[in-house]
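First comes the structure, then the notes that go with it.
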Protein chains: 2
Amino acid sequence: MKFYQRIRRIQKRNDSLLCIGLDPDPAKMPVHLRKTRDPLYEFSRRIVDATCDLVCAYKINLAFFEASGVRGLKSLERVVASIPRDVLKIGDGKRGDIGNSAERYSESLFREFGFDAVTVNPYMGTDSVAPFLRDPARGAFILALTSNSGAKDFQYLTSRGRPLYEHVIARTTAWNSRKNCGIVVGATRPGELRRIRAMSADMPFLIPGVGAQGGDIGASVRYGCTSDGSMAIINAGRSILYASSSRDFPQASRTATLRLLDTIRGYREKYFSR
Amino acid sequence: MKFYQRIRRIQKRNDSLLCIGLDPDPAKMPVHLRKTRDPLYEFSRRIVDATCDLVCAYKINLAFFEASGVRGLKSLERVVASIPRDVLKIGDGKRGDIGNSAERYSESLFREFGFDAVTVNPYMGTDSVAPFLRDPARGAFILALTSNSGAKDFQYLTSRGRPLYEHVIARTTAWNSRKNCGIVVGATRPGELRRIRAMSADMPFLIPGVGAQGGDIGASVRYGCTSDGSMAIINAGRSILYASSSRDFPQASRTATLRLLDTIRGYREKYFSR
């Protein structure tokens with residue numbers, strides 16, 4: 001099945017535009033799990049078990065696994081395997097390197113770790129992105145306008161009348177011949193989201209920054225979606241993962257997920273009543 | 001010892017500006033090694049053993065290890081451990097993510113894998129770079145103008161009269177309060193190297209693209225170095241690693257290394273005769 005179709009199918013089945021960001025931090029997780037043999041896995045899989053009928057995707061942040069070295073990468077393998085087949089597994093590694101190296105990253109993320117999609121940094125241009133776009137069933141979300149404070153350093157620099165992130169989006173449109181490209185736009189940029197959706201009518205948007213980072217959920221739904229009310233993938237991490245620090249944390253995460261999902265569904269109803 | 005001092009010391013001791021890029025590719029390495037238990041390690045450590053008195057650094061390309069999954073990361077640990085203490089170990093992963101994730105990548109590369117320096121992608125700005133610059137003994141090379149064809153897609157976009165890569169360099173100068181920043185500039189950009197050196201008098205340049213990519217060695221030495229004829233770290237990979245595909249490959253790599261080193265020393269003598 002083609003990548004866009006996979007997104008639409010799971011978003012329809014679970015009636016959800018929500019993505020949970022798995023950034024497992026041993027220092028923040030419940031104490032009783034820190035003593036287990038594989039805390040990153042034990043924590044993550046409980047979150048997955050408690051929420052996988054409420055989301056369209058999990059965005060797995062590689063940094064939080066690599067921080068534990070080889071052991072962490074073993075946990076990563078187990079976490080990916082714990083996610084049900086039709087829920088999208090996004091490997092958030094923001095890789096980007098010259099063609100022959102990007103080829104290796106693509107092997108690593110798609111073949112070795114089994115992700116369905118990845119995030120990619122566009123700074124090095126076409127040959128650094130192409131290897132992630134060969135398989136029409138798997139996709140790449142290109143960083144355009146990110147949710148963090150450093151986004152302002154370069155992404156807004158204006159060239160030929162438009163900011164760098166718009167040049168990236170224009171180029172992404174050209175890279176999208178297999179219809180498996182998406183872009184990353186922070187929910188903390190509601191003003192820009194509208195313009196960006198106008199530039200790229202059919203692309204999925206991966207939208208981090210909801211929850212702890214305070215992004216705008218309404219704008220994320222309204223402009224993150226294509227005209228049929230799908231294709232926005234709205235990511236929340238810390239606000240769901242660390243909803244409770246005691247043994248009931250999976251239930252607390254589910255409750256936090258349901259609350260956020262209700263809000264998202266409300267906006268979806270409002271802007272795309274079907 | 002501070003980062004710049006470490007570079008100067010090893011460059012003086014081995015009389016070398018040369019860095020070997022360890023991009024071990026099982027498909028290209030001698031057949032007899034492919035059958036060993038850990039080909040990535042067996043190949044890399046023989047290259048290291050044969051060349052470590054001739055170089056100032058090894059640039060280890062994480063993509064080539066990650067392509068083999070968890071097993072590859074174990075090889076990576078062993079390869080890093082095989083490099084003599086005072087030769088610089090550069091973790092070429094081109095990471096870049098929001099502050100709290102960049103923090104984790106920094107833990108991974110510096111603490112878990114033991115690198116002395118890393119390469120970093122600047123697209124996400126200040127908070128994505130800062131965690132790599134906390135320890136004055138370890139450094140980060142920021143991607144400015146890369147050696148690949150895709151470099152032209154965004155890096156040359158002109159804003160306020162100068163190309164994006166110059167904005168990156170200006171910002172890197174501001175990030176350099178602990179004197180542990182460097183930049184990455186491809187040897188395939190001789191025209192730009194001169195201007196870039198003029199912008200950043202004291203920074204080390206990591207210069208890939210010599211050898212297989214056909215970069216300009218003379219310009220790399222002349223403009224890659226600071227006024228004392230040091231701080232250029234000139235990287236060659238494939239032309240050294242795959243100098244022979246038979247059992248004598250370590251000796252062939254040493255010969256290829258010596259030949260390139262002679263050329264580099266010649267230019268260093270010419271432009272910085274001491």
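Residue numbers begin at 1 in each chain, while the letters A, B, ... track the order of the sequences.
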Point to revise | Interchain contact, Phe65(B) with chain A, by part (heavy-atom threshold 4.5 Å) | key: neither
Exercise for review: Could you grab the distance from atom CG of Asp23(B) to atom CD1 of Ile98(A), nearest 0.5 Å is fine?
Suggested key: 7.5 Å
Check your understanding: Which heavy-atom pair separates Ser101(A) from Ala63(B) by the least distance, and what is that distance?
Key -> O-CB, 3.4 Å
**Study point:** Interface moiety of Arg238(B) toward chain A, non-hydrogen atoms closer than 4.5 Å
**Key:** side chain
**Study point:** Atom pair CG (Leu73(B)) and OG (Ser108(A)), whose distance is rounded to the nearest 0.5 Å
**Key:** 7.5 Å
Review point. What part of Leu62(B) gets closer than 4.5 Å to chain A, counting heavy atoms only: side chain, backbone, both or neither?
Key: both
Review point. With respect to chain B, which residue among Pro122(A), Ser147(A), Gly99(A) yields the maximal number of heavy-atom pairs within a distance under 4.5 Å?
Key: Pro122(A)
Revision key, fill the gap. When the 4.5 angstrom heavy-atom criterion is applied to Phe113(A) and chain B, the contacting part is side chain
**Study point:** Under 4.5 Å from any heavy atom of chain A - which part of Asn61(B)
**Key:** side chain
**Study point:** Nearest-0.5 Å distance, CG of residue Asn148(A) to CG of residue Asn100(B)
**Key:** 10.0 Å
Exercise for review: Side-chain contact test, heavy atoms from C-beta onward, threshold under 4.5 Å: evaluate it for Arg95(A) versus Arg95(B) and give yes or no.
Suggested key: yes
Check your understanding: What's the spacing between Thr119(B) OG1 and Asp97(A) CG if we round to 0.5 Å?
Key -> 7.0 Å
Exercise for review: Give a yes or no on whether the backbone of Ser159(B) and the side-chain of Ser159(A) come within a donor-acceptor separation of less than 3.5 Å.
Suggested key: no
Point to revise | Part of Ser68(A) lying under 4.5 Å from any heavy atom of chain B | key: backbone
Exercise for review: For Arg195(B), look at atom CZ and say whether over 12 heavy atoms of other residues, nucleotides or ligands are found less than 6.0 Å away.
Suggested key: no
Point to revise | Largest heavy-atom contact set with chain A, pairs under 4.5 Å, which of Gly72(B), Ala151(B), Gly125(B), Ser128(B) | key: Gly125(B)
Check your understanding: Among Glu77(A), His167(A), Glu103(A), Lys152(A), which residue forms the greatest number of heavy-atom pairs with chain B at distances under 4.5 Å?
Key -> His167(A)
Check your understanding: Can you say whether Pro208(B) sits under 4.5 Å from chain A via the side chain, the backbone, both, or neither, judging by heavy atoms?
Key -> neither
Practice item. Calculate, to the nearest 0.5 Å, the distance between atoms CG and CG belonging to Asp153(B) and Asp127(A) respectively. Key: 8.0 Å
Point to revise | Side chain proximity check, Lys94(B) to Met124(A), heavy atoms < 4.5 angstrom | key: yes
Check your understanding: Do Thr126(A) and Phe154(B) come close enough that some side-chain heavy atom pair is under 4.5 Å?
Key -> no
**Study point:** Arg104(B)/Asp25(A) salt bridge by N-O under 4.0 Å criterion
**Key:** yes
Review point. Can you tell which of Lys74(A), Gln155(A), Arg71(A) has the highest number of heavy-atom pairs within less than 4.5 Å of chain B?
Key: Gln155(A)
Point to revise | Tyr123(B) vs Val168(A), side-chain contact (heavy atoms from CB on, under 4.5 Å): CA-CA, chis, key distance, verdict | key: CA-CA 11 Å; Tyr123(B) 190 77; Val168(A) 170; 3.5 Å; yes
Study note, to complete from the structure: Cut-off 4.5 Å, heavy atoms of chain A, and the answer for Thr146(B) is side chain
